[in-house]
Number of protein chains: 2
Amino acid sequence: MSMSLNYFSKFRSVFIYGVSLAALLFLLKWLEWRFIIVNYTFEIYAGFIAVIFTGLGIWLALKLSKPKTTIVTVEKETVITNDEFVLNENVLDEMGISKRELEVLQLIAQGLSNQQIAEQLFVSLNTIKTHSSKVFEKLEVQRRTQAVEKAKRLSLIP
Amino acid sequence: MSMSLNYFSKFRSVFIYGVSLAALLFLLKWLEWRFIIVNYTFEIYAGFIAVIFTGLGIWLALKLSKPKTTIVTVEKETVITNDEFVLNENVLDEMGISKRELEVLQLIAQGLSNQQIAEQLFVSLNTIKTHSSKVFEKLEVQRRTQAVEKAKRLSLIP
DNA sequence: TGTAAAATCACCCGAAAGTATGAGGGTAAA
DNA sequence: TTTACCCTCATACTTTCGGGTGATTTTACA
């Protein structure tokens with residue numbers, strides 16, 4: 001709901017209140033002159049007016065009071081498949097593994113043979129052997145399968 | 001806050017209202033007899049009472065009205081490491097991979113050599129070679145690294 | 001410009017991995 | 001009981017891997 005409409009409703013309430021007040025006073029005056037008023041004491045009028053306008057006040061207040069909002073925060077667990085890989089560069093530095101070596105490591109993890117890796121990287125088979133050997137040294141492993149396993153543990157590979 | 005306390009606060013408000021009403025009426029009566037009242041018209045009293053009790057009504061309403069609560073649901077993302085592994089037995093059946101073969105596959109994935117696997121399973125090296133060969137056939141791969149990669153993709157291995 | 005690290009390549013050799021084939025024993029279903 | 005599958009093991013052979021060593025070229029950096 002918009003602000004202007006809210007303000008109009010407030011204004012209307014006040015207007016109704018004013019009209020009601022006038023009407024009631026008029027009614028009372030009319031009653032006074034016409035009927036039983038002369039016999040009634042002032043206290044009864046006062047009490048009547050008090051009760052009426054208390055009700056009016058209550059009505060006004062309820063009409064005008066802003067709804068108090070209590071924000072209840074409900075935690076909803078959302079399962080997020082944690083499949084985004086972030087390379088652990090710290091480990092990479094500590095181990096002293098170069099870019100090229102990491103590249104070879106990744107291809108090893110994909111199941112490629114040294115020959116295939118050599119072809120893919122446009123270098124000789126011997127070069128790949130050297131790279132993989134260095135990687136194994138740095139990872140302190142003996143086999144490529146071990147290297148892959150350890151590299152994944154160390155977040156060097158997805 | 002407890003219910004009983006809430007009810008007490010309501011009761012107290014009503015009590016205060018009653019007392020105030022009585023006190024005001026008494027005050028007005030006193031004022032009437034003592035001072036200026038005789039000269040004032042009835043309408044002024046009525047208006048005065050009306051305004052006072054309208055205020056009182058408003059106060060009462062605000063005091064008694066239940067706070068309207070608007071429940072706002074806030075979704076809070078909670079990252080859950082999705083590390084629970086469930087073996088995909090369907091694929092296992094489709095591929096026709098036996099228990100023993102899966103066992104060998106798991107040890108291969110852990111980076112063990114065929115010799116180590118043979119020792120761990122108390123069988124000969126040749127047996128492991130046979131098992132691994134069959135696994136490679138069934139997984140349609142040529143190397144153990146490929147087998148590991150594919151087995152993980154197929155949820156045959158954590 | 002000199003130097004250290006990285007990248008490239010080569011050769012050798014033994015170990016490991018993988019292929020092919022066959023065979024014997026066990027179990028469970030047809 | 002036969003058939004089919006699994007597990008086991010063996011032999012023979014080929015390929016790949018991994019370790020060791022050494023060398024040349026690039027690249028980055030002080």
Side-chain angles (χ1 to χ4, degrees), chain A residues 87-154 156-157, chain B residues 87-154 156-157:
Chain A
L87 193 147
N88 192 335
E89 299 189 45
N90 296 330
V91 177
L92 210 64
D93 287 353
E94 287 172 17
M95 297 267 182
I97 296 176
S98 70
K99 288 182 206 166
R100 199 58 160 175
E101 286 163 352
L102 178 62
E103 213 174 350
V104 171
L105 183 56
Q106 290 168 339
L107 294 175
I108 286 176
Q110 288 172 25
L112 301 190
S113 68
N114 286 343
Q115 186 58 54
Q116 287 174 317
I117 296 172
E119 287 164 9
Q120 185 152 339
L121 297 183
F122 302 104
V123 294
S124 81
L125 172 61
N126 287 314
T127 302
I128 300 304
K129 281 190 175 187
T130 306
H131 283 319
S132 60
S133 284
K134 296 239 173 162
V135 169
F136 298 158
E137 260 183 55
K138 290 166 180 176
L139 285 178
E140 296 172 317
V141 297
Q142 286 73 44
R143 275 173 293 288
R144 46 177 53 219
T145 45
Q146 283 182 333
V148 170
E149 200 271 340
K150 188 156 189 176
K152 291 200 176 186
R153 275 213 320 269
L154 298 176
L156 265 36
I157 273 180
Chain B
L87 194 146
N88 191 336
E89 298 189 44
N90 295 330
V91 177
L92 211 63
D93 288 353
E94 286 171 19
M95 297 268 182
I97 296 176
S98 70
K99 288 181 204 167
R100 197 59 157 175
E101 286 164 354
L102 178 62
E103 212 175 349
V104 171
L105 184 55
Q106 290 167 338
L107 295 175
I108 286 177
Q110 288 173 25
L112 301 192
S113 68
N114 286 343
Q115 185 58 53
Q116 288 174 315
I117 296 171
E119 286 165 10
Q120 186 152 337
L121 297 183
F122 302 106
V123 294
S124 82
L125 171 61
N126 286 313
T127 301
I128 300 303
K129 282 190 176 186
T130 306
H131 284 319
S132 59
S133 285
K134 297 243 170 154
V135 170
F136 298 161
E137 260 182 54
K138 290 167 181 176
L139 285 179
E140 298 172 315
V141 298
Q142 285 75 43
R143 275 170 294 286
R144 44 179 52 222
T145 45
Q146 282 184 333
V148 170
E149 200 270 339
K150 189 156 189 176
K152 291 200 176 188
R153 273 212 323 266
L154 298 177
L156 265 35
I157 272 179

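In what follows, chains are A, B, ... by sequence order, proteins preceding strands, each numbered from 1.
Using a 4.0 Å heavy-atom distance criterion, B:Thr127 is classed as a base contact.
Side-chain N or O atoms of B:Lys150 include one that pairs as donor or acceptor with a backbone N or O of B:Leu139 at under 3.5 Å. In this structure, the side chain of A:Lys138 engages the main chain of A:Gly96 through a donor-acceptor pair within 3.5 Å.
Look at CZ on A:Arg100: it is 19 Å from P on D:dT25, rounded to the nearest Å. Atom CD1 of B:Ile97 and atom P of D:dC5 are 16 Å apart (whole Å). If you measure from atom NZ of B:Lys129 to atom P of D:dT11, you get 12 Å, rounded to the nearest angstrom. Atom P of nucleotide D:dT8 and atom NZ of B:Lys99 are separated by 12 Å, given to the nearest angstrom. Distance CD1 (A:Ile128) to P (D:dG19): 15 Å, rounded to an integer number of Å. At whole-Å resolution of the value, CG in B:Leu125 and C1' in D:dC9 are 11 Å apart. The distance from atom CG of A:Asn126 to atom P of D:dG20 is 16 Å, rounded to the nearest whole Å.
Within a heavy-atom distance below 4.0 Å of DNA chain C, the residues of residues 131-148 of chain A found are A:His131, A:Arg143.
Protein chain B contacts DNA chain C from C:dA17 to C:dT19, reading 5' to 3' and using non-hydrogen atoms of the protein with a distance under 4.0 Å.
When each of A:Ser113 and B:Gly96 is assigned the nucleotide of DNA chain D with its nearest heavy atom, B:Gly96 is the one assigned upstream, toward the 5' end. Heavy-atom nearest nucleotides on DNA chain D were determined for A:Thr130 and for A:Leu112, and the one closer to the 5' end corresponds to A:Leu112.
Contact annotation: the side chain of B:Thr127 never approaches that of B:Arg100 to less than 4.5 Å [non-hydrogen atoms, C-beta and beyond]. Side-chain contact between A:Gln110 and A:Gln116 is absent, with no heavy-atom pair separated by less than 4.5 Å. The closest side-chain heavy-atom distance from A:Phe136 to A:Arg144 is below 4.5 Å. Counting heavy atoms from C-beta on, the side chains of A:Lys152 and B:Lys152 come closer than 4.5 Å.
Remark: A:Asn114 is not in phosphate contact with D:dT16, judged by side-chain N or O atoms under 4.0 Å from OP1 or OP2.
Interface remark: the B:Ser98 side chain does not form any donor-acceptor pair with the D:dC5 base, using a distance-only criterion of under 3.5 Å.
Residues B:Glu137 and B:Lys134 are not paired through a salt bridge, judged by the lack of any N-O separation under 4.0 Å between the basic side chain and the carboxylate.
When each of B:Leu92, B:Val104, B:Leu154, B:Val91 is checked for a side-chain contact (heavy atoms from CB on, under 4.5 Å) with B:Ile97, only B:Leu92 meets the rule.
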- Check the pair B:Glu149 / A:Val148 against side chain to side chain contact (heavy atoms under 4.5 Å, CB included), numbers first and verdict last. CA-CA 10 Å; B:Glu149 200 270 339; A:Val148 170; over 6 Å; no
